[in-house]
Structure formats: C-alpha cells, structure tokens
Amino acid sequence: MPLVLYNTLSRTKEPFQPLHPDLVRMYVCGPTVYGDSHLGHAKSYISFDVIVRYLRFLGYRVLYVQNITDVGHLTDDADEGEDKLVKQSRIDRMHPMQLADMYTRSYYDDMDALNVVRPDIAPRASGHITEQITLIETLLSRDLAYEANGSVYFDVPHYAAYGKLSRRTLDEMNAGTRVEVKSEKRHPADFALWKRAEPGHIMRWPSPWGEGFPGWHIECSAMSMKYLGESFDIHGGGLENQFPHHECEIAQSEGATGRPFVKYWLHNNMVTVDGKKMGKSLGNFITLKDAFARWTPGVVRFFILQSHYRSTLDFSAEALEGAAKGLGKLVNTMRNVQQAAAANTTGTPSGIDLEKHHQAFLTAMNDDFNSPLAIAGLFDLSREVNQALGRGTPLAQEELNAIETFFATHAGEVLGLGIGTGRELSTSQSIDPELLSLFISLRADLRREKLWGLSDKIRDGLLALGIVLEDKKEGTAWKRVSAGQ
RNA sequence: GGCGACGUAGCCAAGUGGCUAAGGCGGAGGUCUGCAAAACCUCUAUGCAUCGGUUCGAAUCCGAUCGUCGCCUCCA
C-alpha cells in the first residue's frame with residue numbers, strides 16, 4: 001500500500017504525491033518563544049519529526065522549514081492588546097529579543113533531548129520583516145487589503161475562497177458571538193496584516209504605513225514561500241491553528257500569488273489533562289523540563305508515539321509509567337540481542353521473518369503515519385526474538401546483526417527512539433563500566449561459594465545506585481534502572 | 001449561538017463492514033533462578049457510551065439520545 005495521509009483540506013486520506021517526484025517541501029508552524037515548551041509542543045514536533053524521518057526513510061529528499069515566532073502575537077483583538085513577548089519581557093525585565101533568544105535556546109534544548117531532528121531552515125519572524133512588508137504590498141496592489149490609520153487589514157469579503165480549510169462561511173462567523181466588530185475594520189472577519197505601533201511599543205519597524213509590526217499570520221506566509229516557493233507540499237501545525245491562523249495563511253498566500261499554496265495540510269491533535277486541553281490559558285501544562293525530571297525524554301517520546309498524531313493524548317503519571325515499562329521492554333530486547341551477538345557463536349536460523357516485520361511496519365506507517373500500530377509490530381518482533389533467544393540454541397551471528405539493524409533502523413532512526421543507535425535518550429549519569437565489572441566479578445566469586453548474603457548485598461547496593469543486575473546462563477548482565485525511573 | 005471531533009477492558013491505545021476485537025501497562029497463575037531480575041507460557045472486553053435502523057453480516061454505515069472535548073481571542 002502506498003503512503004496515504006489525511007489532508008485537512010479534503011478531510012480524507014489521500015495518496016501522497018509530492019509536487020516534485022523526489023523532493024518534499026514541508027513547513028511546520030514553530031513555537032512562539034515566550035516561555036518553556038510543554039508536553040503539547042512535544043506532541044506536535046515529535047509528530048512532524050516522525051513524518052520527516054519517515055519520508056526520508058522512504059527515500060525522499062525533504063526540505064523542512066520550521067519558524068521561530070519572536071515577534072509575538074497580540075493577547076487580544078483590541079488595539080490596546082499587548083504583544084505576548086513584550087508582556088512577558090516586561091514581567092521578566094528583559095528586552096523582548098533577549099527573552100526570545102533565551103526561550104529559543106530552551107526550545108531547542110528540549111527538542112534535542114527528545115531526539116527531534118532540527119529543521120533545515122529555522123527562520124525568525126523578526127528577521128523577515130522586509131518579506132512580510134513586500135507581501136502586504138502585493139495584497140494591497142491586488143485590492144485584497146486596505147490601510148486604516150497606519151494598520152493594514154486583509155479584506156476577507158473580497159477573497160472568495162476564505163474558509164475552504166476550516167469550512168466556515170462568513171455568515172457563520174457573523175453569527176458567532178465572539179467576533180467583535182472593530183471600528184477600523186470594514187468587516188468583523190478582516191484580520192491584521194500590519195499593526196500601527198503605539199508610542200510605548202518596543203517591537204517596531206518602519207513600513208510604508210508608518211512604524212508598526214506585522215500581524216498575526218503574515219510571517220508564516222512570507223517565510224514559507226520565501227524558502228519553499230509559492231506552492232509546496234506539506235504544511236503542518238497544531239489543530240488549534242487550523243482556524244484562524246492557517247485559513248488566513250491560505251488567504252494571504254493564494255491571494256498574493258494566485259497559485260495553490262499548500263497541497264497537504266496536516267494537523268496534530270492535542271495533549272489533554274483530565275480530558276482538557278493542556279495549554280497556557282488553563283495553566284494545566286507540564287513543561288518538558290519538569291517532565292524530564294521524572295521521565296527520560298525517550299519515555300516521553302515513546303508515550304507520545306504510542307498514540308496517533310491525529311488523536312488526543314491524555315496525560316497521566318500512570319500512563320507515562322506504563323510507557324516507561326513498555327519502552328524498557330524494547331530496550332531490554334535490544335540488549336539481549338547485543339549480548340547474544342557478543343558471545344560470537346555460530347548458530348542456526350531462528351525462523352524470524354524480518355521482511356514480514358518490515359512490511360508490517362511500512363503498512364502501518366503508510367497509513368497516515370500510524371506509529372502506534374508500528375510500535376505494536378515492534379513488540380511482536382520483540383516477543384519472537386526473546387522466544388528465539390530463550391530456546392537455548394544459539395542464533396547465527398548474521399541473524400543477530402540483522403535483528404539489531406532492524407531495531408536500530410525502524411525503532412531507533414525512523415521513530416527516533418534511539419534504540420540500538422547507541423543513543424538511548426537517557427539522562428542518568430554514567431557509571432564506570434570497569435568498576436562495575438569488578439563488582440560483578442567479585443559477586444560471581446561469592447556466588448560460587450554460595451555466600452548469598454554477601455552477593456545480595458552487592459546486588460542491592462548497586463540497585464540503590466540505579467544499577468540492576470541480571471544473572472543469566474552466559475553471565476551477569478547489568479543495566480541502569482529501567483528508562484523513566 | 002455557529003462549526004467540528006471523540007466516547008473500545010483497571011490505565012494507555014490500534015482497529016472504520018466479514019476469521020476467535022491488535023499492542024503496551026497493570027492484575028492472576030506458571031516455567032526458569034540459590035533468591036531475584038529479565039525472558040517466555042496461560043488467563044484477564046460474548047464486548048466496543050445508550051437505544052433504534054440499514055445489511056446475510058456493524059465497534060465500524062445511518063438516525064436519535066446521553067456524555068466529554070476542541071475551534072470560533074494568542075496557543076503545538
């Protein structure tokens with residue numbers, strides 16, 4: 001089955017056909033950097049990370065652009081609304097750009113920990129004011145925008161296709177109680193392309209309409225088209241950006257170019273807590289830095305990938321603990337294979353059909369990136385492998401290597417779980433392996449003498465330091481306390 | 001008020017017309033082990049919010065009802 005993906009534009013799964021045969025151009029809405037990232041950010045960026053990784057795995061060349069929003073958006077629709085970055089910087093007594101830089105670094109720290117591949121281009125809104133002004137001028141010249149008191153608004157009633165992504169009509173929006181009529185706007189649905197800066201406003205740039213700053217949606221249109229062209233393949237983002245943000249992006253972009261903007265719109269669903277959206281407004285968010293204090297980044301990543309990107313994912317400590325155990329099982333299997341391989345024996349084929357598992361993985365991922373189903377397949381393989389290892393008859397070196405490669409590729413690289421790639425996404429501090437092997441050797445002597453009390457003292461003592469010992473036929477293996485503890 | 005989702009075992013979560021409803025966690029029992037740990041084996045939803053309907057056949061399609069949530073203001 002070829003790759004199909006759910007396109008919000010059509011509300012159906014469509015076969016994936018990039019505009020150019022081997023090149024995929026993809027844009028994902030990045031964070032507004034005025035605070036630490038939380039689990040919701042992780043779900044979004046891990047989801048699109050796996051999509052990028054999988055497309056590359058399929059052989060596509062992917063150009064991945066993800067912006068950093070450092071201009072901020074207004075906290076409300078009124079003229080006196082304050083830029084979130086400016087507001088936070090006043091609270092923190094920092095320059096807005098200092099704040100933006102601080103949280104940009106914080107964001108990448110968290111994403112690096114989660115093994116999220118960095119975008120190929122990470123443009124900042126503040127660095128692309130010129131491009132945004134140019135785009136606004138184009139819209140003005142096309143009579144799709146108008147100036148009012150130093151601000152510029154998009155003229156929504158003059159743009160017929162408005163609403164095609166979110167499937168809303170202007171009538172419906174008129175009926176809505178939450179769209180306020182602004183005196184400057186000709187129509188309640190009109191949205192700002194450029195805002196006049198009031199005297200105290202710190203973030204301001206010169207423009208043909210006086211000093212001001214860009215509106216809430218124009219940056220993504222300007223930057224995506226600058227780096228990916230007027231038409232590109234995939235645009236991703238959180239579900240809550242579908243309207244108005246992405247609807248406005250389409251209007252601005254297609255209004256300016258007259259060409260289709262994006263072929264596939266992908267939206268990830270949210271992380272919930274007790275069934276409610278995790279977000280800044282509710283104050284129920286868990287920052288990634290807090291989460292990492294309790295679970296390793298790998299566990300967080302695994303937890304997120306165990307549900308589909310278009311499903312909501314309910315956070316609870318119990319669910320995270322379950323994910324930690326599950327990931328530990330896969331990591332153990334990998335370790336078992338590596339230990340068996342280290343024994344360097346000649347052996348017999350186990351009958352494990354890796355090609356079958358590969359096909360199952362492709363089938364799962366080709367169906368709109370069904371990572372939970374793909375992971376279920378990894379557990380199936382894991383069980384087969386452990387059965388084979390426990391059978392007593394050693395496996396051939398080549399087969400063990402093939403299994404190791406399979407895990408390293410599918411779980412480690414495509415899903416980014418780090419398994420078998422030498423990068424287990426663990427935060428625990430390292431322990432000297434040579435010192436450890438001395439203890440293990442000492443304990444082996446004690447066990448030979450059946451001095452169980454002393455040997456158990458070593459095992460318990462190491463456990464207290466976060467090391468688990470496992471006595472096997474081939475000898476004693478050790479590992480850090482299972483991922484996530 | 002408008003628009004749109006979702007409701008599968010104690011928890012997380014696949015499955016969207018057809019063998020006995022994936023997988024993980026948890027739980028019960030067992031094998032292995034000096035004891036553990038790890039691993040493996042067996043069991044753990046006659047049932048997919050409820051009630052109707054369509055169909056030879058529905059968790060899957062349609063309708064109603066109940067419940068939860070999202071968007072309509074910045075938000076991944």
Side-chain angles (χ1 to χ4, degrees), chain A residues 11 28-32 34-35 37-48 69 72-78 81 83-84 163 166-169 171-180 189 216 236-245 267-272 275-282 285 302-303 306-308 310-316 318-330 332-333 335-336 364 370-380 382-383 385-387 389-391 447 450 452 455-456 459-460 463 468-473 476-477 479 482:
Chain A
R11 309 283 161 108
V28 169
C29 287
T32 304
Y34 66 105
S37 304
H38 55 70
L39 282 168
H41 296 95
K43 176 165 167 66
S44 186
Y45 298 120
I46 287 171
S47 297
F48 290 108
T69 297
H73 296 296
L74 298 184
T75 50
D76 62 52
D77 198 29
D83 188 303
K84 283 188 299 197
S166 58
R167 305 208 169 177
R168 290 161 200 255
T169 65
D171 291 344
E172 287 163 10
M173 284 181 270
N174 279 336
T177 55
R178 299 177 68 179
V179 177
E180 287 179 53
W216 323 313
L239 200 57
E240 76 283 354
N241 279 327
Q242 208 176 88
F243 188 90
H245 183 58
H267 291 99
N268 67 276
N269 219 315
M270 283 147 296
V271 176
T272 57
K276 289 195 174 51
K277 175 185 172 181
M278 178 181 289
K280 305 241 178 187
S281 48
L282 278 175
F285 60 91
F302 184 75
F303 170 67
Q306 262 195 307
S307 83
H308 189 90
R310 281 192 294 111
S311 302
T312 55
L313 173 62
D314 200 62
F315 167 85
S316 69
E318 189 183 6
L320 259 298
E321 295 299 340
K325 291 281 180 58
L327 177 62
K329 188 172 193 167
L330 291 180
N332 265 332
T333 302
R335 206 172 38 108
N336 294 341
N370 194 334
S371 59
L373 190 58
I375 287 172
L378 293 178
F379 279 110
D380 291 336
S382 175
R383 182 164 21 82
V385 168
N386 282 319
Q387 280 171 344
L389 291 175
R391 222 169 269 146
R447 293 182 68 219
K450 298 196 189 304
W452 309 125
S455 75
D456 288 354
R459 186 171 66 191
D460 295 343
L463 182 62
V468 178
L469 296 187
E470 296 171 7
D471 298 324
K472 308 196 178 194
K473 292 193 193 78
T476 297
K479 65 171 178 177
S482 67

RNA chain B nearest-nucleotide lookup for A:His41 and A:Ser166: closer to the 5′ end is A:Ser166
With nearest nucleotides of RNA chain B determined for A:Gly40 and A:Leu239 from heavy-atom distances, which residue corresponds to the more 5′ nucleotide? A:Leu239
Within the 4.5 Å heavy-atom criterion, are [X] and [Y] side-chain neighbours or not?
X        : Y        : result
A:Val271 : A:Thr312 : no
A:Leu39  : A:Phe303 : no
A:Arg11  : A:Arg167 : yes
A:Ser382 : A:Asp380 : no
A:Lys329 : A:Asn332 : no

Separation between the [atom1] atoms of [N] and [M], rounded to whole Å:
N      : M      : atom1 : result
B:rG53 : B:rA14 : P     : 31 Å
B:rC11 : B:rG2  : P     : 34 Å
B:rA59 : B:rC6  : C1'   : 14 Å
B:rC3  : B:rG63 : P     : 15 Å

What contact category does [X] fall into here, base, sugar-phosphate, or nothing, at under 4.0 angstrom with non-hydrogen atoms?
X        : answer
A:Asn386 : sugar-phosphate
A:Val271 : base
A:Asp456 : base
A:Arg335 : nothing
A:His38  : base
A:Ser47  : nothing
A:Gly275 : sugar-phosphate
A:Lys277 : base
A:Asn332 : sugar-phosphate

Can you tell me if the side-chain N/O atoms of [X] get under 4.0 Å from OP1 or OP2 in [N]?
X        : N      : value
A:Ser311 : B:rA14 : yes
A:Thr32  : B:rA76 : yes
A:Lys450 : B:rG34 : no
A:Gln387 : B:rA39 : no
A:Asn370 : B:rA13 : no
A:Asn336 : B:rA38 : no

Whole angstroms only, please: what is the [atom1]-[atom2] distance between [X] and [N]?
X        : N      : atom1 : atom2 : result
A:Asn269 : B:rG70 : CG    : C1'   : 8 Å
A:Arg11  : B:rG70 : CZ    : C1'   : 13 Å
A:Lys43  : B:rG70 : NZ    : C1'   : 14 Å
A:Phe315 : B:rC11 : CZ    : C1'   : 13 Å
A:Lys276 : B:rU68 : NZ    : P     : 9 Å

In the structure shown, which nucleotide is the Watson-Crick or G-U wobble counterpart of [N], with both distances under 3.5 Å?
N      : result
B:rA58 : none
B:rC75 : none
B:rG17 : none
B:rA36 : none
B:rG29 : B:rC41
B:rA49 : B:rU65

If only side-chain N and O atoms count, and only distance matters, is there a donor-acceptor pair under 3.5 Å linking A:Thr333 with A:Asn386? yes
Can a donor-acceptor pair be found between the side chains of A:Asn269 and A:Ser311 at a distance below 3.5 Å? no
Of the nucleotides [options], which one has an atom closest to the side chain of [X]?
X        : options                : value
A:Arg168 : B:rA76, B:rA38, B:rC72 : B:rC72
A:Trp452 : B:rG34, B:rA37, B:rA76 : B:rG34
A:His308 : B:rA14, B:rC12, B:rA37 : B:rA14
A:Lys479 : B:rA38, B:rA76, B:rC35 : B:rA38

What string of B, S and - do you get for nucleotides 17-32 of chain B 5' to 3' if you count protein non-hydrogen atoms under 4.0 Å? -----BBSSS------
Is there a donor and acceptor pair, one atom on the side chain of A:Arg459 and one on the base of B:rC35, closer than 3.5 Å? yes
So for A:Asp471 and B:rC35, does any side-chain atom that can act as donor or acceptor lie under 3.5 Å from a complementary atom in the base?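 Checked by distance alone, the answer is yes.
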Test your reading of the model: is there a side-chain donor-acceptor pair from A:Asp471 to the backbone of A:Thr476, 3.5 Å cut-off?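 No; judged by distance alone, with no hydrogens or angles, the pair does not exist.
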